[in-house]
Amino acid sequence: MPHSQPIVITGVCYFASDFHFGAPNAAISSKREQTVIHWLDIIQKDANHLFLLGDIFDFWFEFSGKPPDFYESFLNKIAELRKKDIEIYFFTGNHDMWVKNYLIEYLGIHIFKKKQEFIINNKKFLLGHGDGLGRGELGYKCLKAFLNCKINIWLFGLLPQKTGFAIAQFCSRKSRAMTPEYKEQFMGNEKELLVQFCFQYLKNHDIDYFIFGHRHLPLEIAVNKAVYFNTGDWLNYNTYIKYENTPLLCCFD
């Protein structure tokens, strides 16, 4: 849950987002899942904190309080990390906004549905998935509010799991097909909504680093005296950020 004050932590931190497990099909997703698990095997040697910044799952819904059947290997690896006392922070994205209680109750993960400030090793961070921040995207913001309406979530939960996931996968494919090609490339600071959001946020807040996902592009951009990072994705880039003293944008080969 969001906190009104920054959360203070110390240690080695890793940040990643946009694994999109489940997309575009089971075979390709399974291969990507094994790549991520291999990465987690490596980082667990020195990680104290792992931040998963949204769209980890291409779709998530807890039918009858149970997790989806498709992500067992990844969830088992997360359970292993928790047993090693690695703290995990999950920020919901636009594809996995319907996370409920399973990850909290059975895995002990911290769930955030909005952006959150952290003080990590004496530096101030603003973290989140990145969707809907700043100006513009009114249509998307209205759609998100509609989808998060409790009655709509309840109605969706009445569907059989296979039917629900089939609908979600259709909508996910439709969403990607409707994304203009130019939006999949860097559009310059003036047109990048998250860059502009960072500039606006700094007018009233003191932040050293912004880290978001959602954009699917690995980015490191100076914003006044702060730096905005985007974690990229694991569909095309396999990128993540490691932080101990200075954030480093890295690629997992």
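Here, residue 1 is the first one in the sequence, and each next residue gets the next number.
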Checklist entry - Passes ring-ring contact (aromatic ring centres under 6.0 Å, His included), Tyr240 versus Phe252? Steps please. => result CA-CA 8 Å; Tyr240 63 96; Phe252 183 68; 7.1 Å; no
Checklist entry - How are the rings of Phe212 and Phe210 set to each other: parallel, tilted or perpendicular (split at 30° and 60°)? => result tilted
Checklist entry - Centres of the Phe21 and Phe70 rings: under 6.0 Å? => result no
Item to check | Rounded distance [0.5 Å steps], CZ in Phe61 versus CE in Met97 | outcome: 12.0 Å
Checklist entry - Parallel, tilted or perpendicular for Tyr102 and Trp60, by the 30°/60° rule? => result tilted
Checklist entry - How about Phe57 and Phe74: do any of their side-chain heavy atoms sit closer than 4.5 Å? => result yes
Checklist outcome for this item: Partner of Tyr243 under ring pair (Phe, Tyr, Trp, His ring centres under 6.0 Å), picked from Phe125, Tyr14, Phe15, is Phe125
Item to check | Minimum side-chain heavy-atom gap Ile241-Tyr209 below 4.5 Å | outcome: no
Item to check | Salt-bridge present (Glu80, Lys83; N to O < 4.0 Å) | outcome: no
Item to check | Residue that, paired with Ile56, satisfies side-chain contact (heavy atoms from CB on, under 4.5 Å) out of Ile78, Asp18, Asp96, Leu103 | outcome: Asp96
Item to check | Sub-4.5 Å side-chain heavy-atom contact between Leu50 and Leu52 | outcome: yes
Checklist entry - According to the side-chain hydrogen bond (donor to acceptor under 3.5 Å, both in side chains) rule, which pairs have a member within residues 24-36, sequence neighbours left out? => result none
Checklist entry - Does the pair Asp46/Lys242 count as a salt bridge with the N-to-O cut at 4.0 Å? => result yes
Checklist entry - Just wondering, do Lys191 and Gln196 contact through their side chains at under 4.5 Å, heavy atoms? => result no
Checklist entry - Do the ring planes of Phe112 and His110 sit parallel (below 30°), tilted (30 to 60°) or perpendicular (above 60°)? => result tilted
Checklist entry - Does the distance from a Lys or Arg side-chain N to an Asp or Glu carboxylate O, for Asp233 and Arg215, drop under 4.0 Å? => result no
Checklist entry - When you check the side-chain N and O atoms of Asn94 and His129, is any donor under 3.5 Å from an acceptor? => result yes
Item to check | Other residues, nucleotides, ligands: >12 heavy atoms within 6.0 Å of Gln200 CD | outcome: yes
Item to check | Aromatic contact, Tyr89 with Phe118 (centres under 6.0 Å) | outcome: yes
Checklist entry - If we only count heavy atoms from C-beta on, is the Lys115 to Leu133 side-chain gap below 4.5 Å? => result yes
Next on the checklist: Between His216 and Tyr237, is the ring centroid distance below 6.0 Å?
Outcome noted: no
Checklist outcome for this item: With sequence neighbours left out, the residues meeting side-chain hydrogen bond (donor to acceptor under 3.5 Å, both in side chains) with Asn48 are none
Checklist outcome for this item: Between Ile37 and Lys77, the two heavy atoms sitting closest are CG2-CE, 3.7 Å
Checklist entry - Are any of the side-chain heavy atoms of His20 and His95 separated by less than 4.5 Å? => result yes
